[in-house]
Protein chains: 2
Amino acid sequence: MLATVASNSDKQTERLVLALRKRILNGEFSPGERLTELGLVSLLQASRTPIRLALERLANEGLLDVIPSGGFRLRSFGLADIRDAIEIRGVLEGTAVRFAAERLESAEELAQVKRLTLEATMEIPITLEGFARYLETNKRFHRELWRLAKSASLFRELEHACKIPFAAPEALVFGVADLEQSTAFIAAEQHRAIVEAIENREGARAEALAREHSRISRRNLEFALRSKELSNRLPGLTLISNQ
Amino acid sequence: MLATVASNSDKQTERLVLALRKRILNGEFSPGERLTELGLVSLLQASRTPIRLALERLANEGLLDVIPSGGFRLRSFGLADIRDAIEIRGVLEGTAVRFAAERLESAEELAQVKRLTLEATMEIPITLEGFARYLETNKRFHRELWRLAKSASLFRELEHACKIPFAAPEALVFGVADLEQSTAFIAAEQHRAIVEAIENREGARAEALAREHSRISRRNLEFALRSKELSNRLPGLTLISNQ
DNA sequence: GTAGCCAACATTGCATGCAATGCTACAGTG
DNA sequence: CACTGTAGCATTGCATGCAATGTTGGCTAC
């Protein structure tokens with residue numbers, strides 16, 4: 001038995017994917033930097049084979065670029081890339097809620113989203129320690145919307161699209177009290193409207209609402225990039241090159 | 001030097017991905033079947049390491065499912081899955097042409113799509129040997145639309161979404177003369193309209209048109225599934241389970 | 001001084017052995 | 001007859017060695 005704490009899973013590769021992703025999003029590498037297998041061996045306490053596999057996975061998550069002659073480098077994201085990724089997520093979520101509206105069989109299927117809407121709303125007087133819980137509730141709400149679309153294909157694409165840094169709905173609802181509070185109220189109203197639209201089988205309305213809803217992430221992103229304070233609190237922002 | 005024809009690339013893994021994908025889409029495996037590394041060693045004349053890598057890639061293309069206890073199995077597609085995949089492609093292409101309309105700087109950027117539109121139209125009296133050329137032109141037209149969106153993120157997602165069998169725009173424009181001919185005329189008109197919309201910066205119209213355009217693939221798919229004759233010519237159809 | 005070439009080094013791609021784990025089939029027991 | 005336990009087998013996960021290829025830095029020639 002080795003000394004490594006097999007906490008996440010008993011698979012090395014899983015552990016490495018998580019560890020590497022965390023480090024990348026933590027800004028521990030610079031954009032464009034080559035990640036060599038041997039260099040990671042000492043850093044992550046693992047052998048080359050699982051490391052290579054982890055790199056492969058992160059590459060088709062979109063975090064790494066494949067170097068044509070072999071190996072991987074940290075992808076460099078422009079602001080435009082992230083904005084587009086968020087908009088794509090909005091488009092896909094729009095499709096999800098449209099599907100949900102089109103495919104709804106009974107209003108009872110909406111019990112869970114409604115519960116989560118309410119829950120998130122009641123968490124809105126956001127305290128510092130309640131912040132993580134709010135994020136979690138928000139994430140679960142969105143996942144539940146995805147589920148209601150009743151489409152494995154769409155679910156897959158949504159998961160794929162949300163791997164891009166800051167593209168996921170739960171990303172970037174950060175810790176600036178003022179902005180956060182008002183944003184949370186707006187988000188809650190949008191959530192309510194989306195669910196209402198689904199319930200009424202108003203597919204087009206639901207789609208439009210979900211697209212607009214994703215704009216919250218975009219505004220937050222742009223705000224964060226302008227704020228020095230937030231840049232310190234979100235080290236991953238260094239992944240985004242200015243131009 | 002080994003006897004294998006290193007035609008595609010000098011990388012084993014690349015070759016294996018292509019070879020395996022081809023065999024899968026050729027219906028050489030049954031849905032749900034487990035693909036063992038050792039079994040593929042003898043079939044593909046390669047060692048386990050690159051085979052594992054190829055399996056990994058096909059898995060996140062969506063062709064294979066990961067078995068929780070290890071290994072991969074051929075994913076089983078329902079008809080609904082493919083229909084959704086086509087619709088998702090339509091949604092993403094809709095976004096692409098909307099972006100293209102919104103981001104168009106000069107009408108000259110459209111020279112290439114216009115050329116391709118014309119080219120495809122002139123190829124429409126489709127002969128048997130011209131069929132592949134028509135497909136190729138069609139594919140290039142769509143790729144050119146993707147390019148005009150000027151979004152690396154969106155391009156990535158489109159490529160990802162089109163890896164699902166029969167989801168790509170060039171899939172399933174098959175060889176039944178009657179249907180084919182009339183379908184090609186309809187497609188050509190839709191292509192023309194999409195380009196026109198982009199040129200006029202009518203983003204919403206372009207998006208709606210592209211979505212509708214993807215329905216051609218859906219109709220073709222459903223027709224193919226009803227036709228015994230086509231089932232023989234398209235062995236990959238066996239990938240789609242009836243329910 | 002600059003451009004181009006060459007050699008040493010760094011890094012990956014691939015092959016293969018080994019250990020661990022899951023799976024299957026069979027036998028024994030209630 | 002059904003169910004459970006177990007032993008053997010099939011299969012993957014990981015480690016590591018080797019060969020091939022790319023890369024870098026210095027040296028030479030112009």
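Order of the sequence lines sets the chain letters (A, B, ...), proteins ahead of strands, with each chain counted from 1.
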*Between B/T49 and C/dC14, does any side-chain N or O lie under 4.0 Å from OP1 or OP2?*
no

*Integer-rounded Å distance: C/dC18 C1' and A/Q12 CD*: 16 Å

*Quickly work out the A/L16 CG to D/dC14 P distance and round it to whole Å.*
8 Å

*asked:* Under the criterion side-chain contact (heavy atoms from CB on, under 4.5 Å), I'd like the reasoning laid out for A/L58 against A/L64: C-alpha separation, chi angles, the key distance, then a yes or no.
replied: CA-CA 6 Å; A/L58 292 174; A/L64 304 179; 3.8 Å; yes

*When you measure from every atom of DNA chain D, which of residues 58-70 of chain B have a heavy atom less than 4.0 Å away?*
B/G70

*Is a salt bridge present between B/E144 and B/R115, judged by a nitrogen-to-oxygen distance below 4.0 Å?*
no

*Grab the NZ-P distance between A/K11 and D/dT12 for me, whole Å please.*
12 Å

*Please determine if A/E56 and B/R52 form a salt bridge, counting it only when a charged side-chain N lies under 4.0 Å from a carboxylate O.*
no

*Rounded to whole angstrom units, what separation is found between the CZ atom of B/R57 and the C1' atom of C/dG13?*
11 Å

*asked:* Among C/dA15, D/dC14, C/dT12, which nucleotide has an atom closest to any side-chain atom of A/R48?
replied: C/dT12

*Any Lys/Arg nitrogen of A/E102 or A/K150 sitting under 4.0 Å from an Asp/Glu carboxylate oxygen of the other?*
no

*Round to a whole Å and report the spacing from CG of A/L53 to P of C/dG13.*
13 Å

_My understanding is that only residues two or more places apart in sequence, or in another chain, count here; which of them pass salt bridge (Lys or Arg N to Asp or Glu O under 4.0 Å) with B/E93?_
B/R89

*Whole-Å distance separating the CG atom of B/L55 from the C1' atom of D/dT11*: 13 Å

*Round to a whole Å and report the spacing from CD of B/Q45 to P of C/dA15.*
11 Å

Using a cut-off of under 3.5 Å, enumerate the N/O to N/O pairs linking the protein to nucleotides 7-11 of chain C.
none

*Do B/E14 and B/R57 meet the salt-bridge criterion of a basic N to acidic O distance under 4.0 Å?*
yes

*asked:* Check this one for me: any side-chain N or O of B/R52 less than 4.0 Å away from OP1 or OP2 of D/dG13?
replied: yes

*asked:* Can you tell whether the side chains of B/E109 and B/R147 come within less than 4.0 Å, N to carboxylate O?
replied: no

*For the pair B/F155 and B/W146, name the ring-plane relationship: parallel under 30°, tilted 30 to 60°, perpendicular over 60°.*
perpendicular

*asked:* Once you measure the plane-to-plane angle for A/H160 and B/H160, does it fall in the parallel (<30°), tilted (30-60°) or perpendicular (>60°) bin?
replied: parallel

_Atom-pair distance (CD on B/E56; C1' on D/dG13), nearest Å_ = 12 Å

